[in-house]
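The next block holds one structure in the form of structure tokens; read it before the comments.
The figures here come from the full heavy-atom set of this structure, side chains too, leaving out hydrogens, waters and symmetry mates. We count residues from 1, following the sequence as given.
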Amino acid sequence: MALAAQGFSRARPAAVSSRHVHRVMDRLGVLQIDSVNVFARSHYMPLFSRLGVYDPALLDRLFLSRTTHYVEYLAHEATFMPIEDWPLWEFRREYFRRRLEKAGSWAASNERTLAWVRDELRARGPLRPADIRADAPRERGTWWDWDDVKVALEHMWRTGEVAISGRKGFERTYALAEQVVPADILSREIAVPDAIRELVRRAARSSGVATPSDLADYYRIRDRAAVSQAISELEDDGELLPVQVRGWERGGRPLAAWRHRDAVLPRKLDAAALLTPFDPVVWFRERALRAFDLDYRIEIYVPAEKRRYGYYSLPVLVGDRIVSRVDLKADRAASTLQVQSAWWEPQARPEDAGRIAAELALAATWQGLEHVSVSGWGTAADAVHAALHGLGAVPVRRHVHARESAA
């Protein structure tokens, strides 16, 4: 049910169009943004996981250019979200106003900087930080610091005075909110309890089956009392149905859980997919462990010699199980997808190696890479290499990972 709610029960289309992208976004609600580009930036991955090979320029056109469909905000972490959702987040913008604009804060001490950046955006329209910097007054005195431009823009984005109007490359372009968000959406008011109830409803629909912690984490709602109230009201309305899930326990007692009334149990789920660490299926560590026996932690900030699985390992879904994790790197100079490590997960079966290999070959095709190279690091590395070699879809090589050579 959880995977079907995330779109994994649907067959991948032969050709991906904007209609398919909008459908995925309708199911996910948000698309988390991340700058790490060792294989592919995270926001490109959920579409590939669900739709298969697609042109990344399609995402760029719909999300990164100035668009009427989506806008960026902190709707989980930094995410793309439907622009119509802007009014839902007034409670979060108000939270930032209270926190960031109190006496003694950076904002209170830098009113001149904020006013100058505000005037620049009003006079010149959407701008990158560098564009504002280039127009800075030369007789500025001691109040000015170049880094303050970015701080001011981020402050104004969090509080809702500024919106992201697009990106050039990966650099944000900022504009006053009224220059980005249509007036009828910008002026719409939603009471806080109604906004949280709507977000909990959407989280339930996107989760299929969920605990209160799952529902709160989906949109990072800290007010657990408000989440509980929303659950109670949605249950009274018949939209959430209380259930017990086998194995979902704490202290020997079952966890409270609810199924969204539209959640379906697919007759068959035959999906296979590489998942970004920021995919809603696995982004909440507690839920990933409870639902898939996946104990996942990103190791980007772990020293190389202490990493257990690799720099940026991706969980691999086969059917309704997380069966493996693979650490991928796109070596574009050599046109090679490097499988730097591959590991089995507790729910793996020997026959899963073939499905993993097929997804890796597909990933190489998606990224325009001609070869796949597999190191010997990891419990699944040899099986994945053999399956790739037997698949014959792309030329397969072996390479030695630094951890192997050290050993």
query: Out of curiosity, R93 CZ to L74 CG, how far, rounded to the nearest 0.5 Å?
result: 10.5 Å

- line: dist Y95:OH -> D223:CG (nearest 0.5 Å) comes out at 12.0 Å

- prompt: Taking the side chain as C-beta and beyond, is there a heavy-atom pair between R224 and S213 under 4.5 Å?
  reply: yes

query: Is the charged tip of R167 near the ring of F170: under 6.0 Å from the six-membered ring centre and within 45° of its axis?
result: yes

Inter-residue atom distance T79.OG1 - R220.CZ, 0.5 Å rounding: 10.5 Å

message: Would you say that D217 contacts R287 through its side chain, given a criterion of any heavy-atom pair below 4.5 Å between the two side chains?
response: no

message: Between D279 (side chain only) and P46 (backbone N and O only), is there a donor and an acceptor less than 3.5 Å apart?
response: no

task: With W377 as reference, evaluate H399, H401, H385 under the ring-ring contact (aromatic ring centres under 6.0 Å, His included) test and give the passing residue.
output: H401

- request: Answer yes if the side chains of E161 and H155 hold a donor-acceptor pair under 3.5 Å, and no otherwise.
  value: no

message: Taking the cut-offs as 6.0 angstrom to the six-membered ring centre and 45 degrees off its axis, would you call R290 and W248 a cation-pi pair?
response: yes

- line: To the nearest 0.5 Å, atom CD1 of I322 lies from atom CG of D352 at 11.0 Å

Shortest non-hydrogen contact from E239 toward H260: OE2-NE2, 3.0 Å

message: Between L199 and F91, is there a side-chain heavy-atom distance shorter than 4.5 Å?
response: yes

- request: Scan T276, V323, L294 and name whichever one has a side-chain contact (heavy atoms from CB on, under 4.5 Å) with P315.
  value: L294

- prompt: Does R308 make a cation-pi contact with W343, if we ask for NZ or CZ under 6.0 Å from the ring centre and within 45° of the axis?
  reply: no

query: Is there a side-chain contact between E77 and W283, using heavy atoms and a 4.5 Å cut-off?
result: no

query: Would you say E171 has more than 12 foreign heavy atoms packed within less than 6.0 Å of its CD?
result: yes

field: L275 side, atom CG; F48 side, atom CZ - distance, nearest 0.5 Å
entry: 10.5 Å

task: Inspect the surroundings of CD in E286 and state if more than 12 heavy atoms from other residues, nucleotides or ligands are less than 6.0 Å away.
output: yes

query: What pair of heavy atoms forms the shortest contact from A152 to L114, and how long is it?
result: CB-CD2, 3.8 Å

Taking distance alone, no hydrogens or angles, what donor-acceptor pairs closer than 3.5 Å link side-chain atoms of residues 360-371 to residues at least two apart or in another chain?
| from | atom 1 | to | atom 2 | distance (Å) |
| --- | --- | --- | --- | --- |
| T365 | OG1 | A361 | O | 3.2 |
| W366 | NE1 | Y54 | O | 3.0 |
| Q367 | OE1 | R332 | NH2 | 2.4 |
| H371 | ND1 | R397 | NH2 | 3.4 |
| H371 | NE2 | R397 | NH2 | 3.2 |

- request: For atom CZ of R349, decide whether the heavy atoms of other residues, nucleotides or ligands shown that lie under 6.0 angstrom number more than 12.
  value: no

Close side-chain approach of L31 to L59, heavy-atom, < 4.5 Å: yes

task: Decide yes or no on side-chain contact (heavy atoms from CB on, under 4.5 Å) for L314 and M45, but give the supporting numbers first.
output: CA-CA 10 Å; L314 307 180; M45 284 292 298; 4.0 Å; yes

- prompt: Is the shortest distance from a Lys or Arg side-chain nitrogen in R61 or D55 to a carboxylate oxygen in the other one below 4.0 Å?
  reply: no

- request: Verify whether one side chain among Y174 and E154 offers a donor that lies under 3.5 Å from an acceptor in the other.
  value: yes

Contact summary for R261 and L241, nearest pair of heavy atoms: CA-CD1, 4.2 Å

message: Within the 3.5 Å criterion, strictly below it, is a donor on Y312 or N37 matched to an acceptor on the partner's side chain?
response: no

query: Closest approach of A342 and V384, non-hydrogen atoms and distance?
result: CB-CG2, 4.2 Å

- prompt: Where is the tightest heavy-atom contact between A263 and M1, given as atom of each residue plus distance?
  reply: CB-SD, 4.5 Å

query: Hey, are the side chains of H20 and R50 touching, using non-hydrogen atoms and a 4.5 Å cut-off?
result: no

message: Between S49 and L274 (side chain of the first, backbone of the second, donor and acceptor by atom type, cut-off under 3.5 Å), is there such a pair?
response: yes

- request: Look up atom CG in L58 and atom OH in Y44, then write down how far apart they are to the nearest 0.5 Å.
  value: 10.5 Å

statement: Heavy atoms of A203 and Y218 approach each other most closely as CB-CB, 3.6 Å

message: If you define the side chain from C-beta out and look only at heavy atoms, does anything of Y219 sit under 4.5 Å from L88?
response: no

message: I need the single residue from R122, R124, R118 that forms a salt bridge (charged side-chain N to carboxylate O under 4.0 Å, His left out) with E120. Which is it?
response: R124

message: Ring centroids only, cut at 6.0 angstrom: are F80 and Y70 within range, meaning strictly under it?
response: no

- prompt: Can L317 and V281 be said to form a side-chain contact (heavy atoms from CB on, under 4.5 Å), step by step?
  reply: CA-CA 10 Å; L317 174 73; V281 171; 5.9 Å; no

- prompt: Charged N to carboxylate O under 4.0 angstrom, R128 versus D131?
  reply: yes

task: Flag the pair R325 / V316 as yes when at least one side-chain heavy-atom distance between them is below 4.5 Å, and no otherwise.
output: no

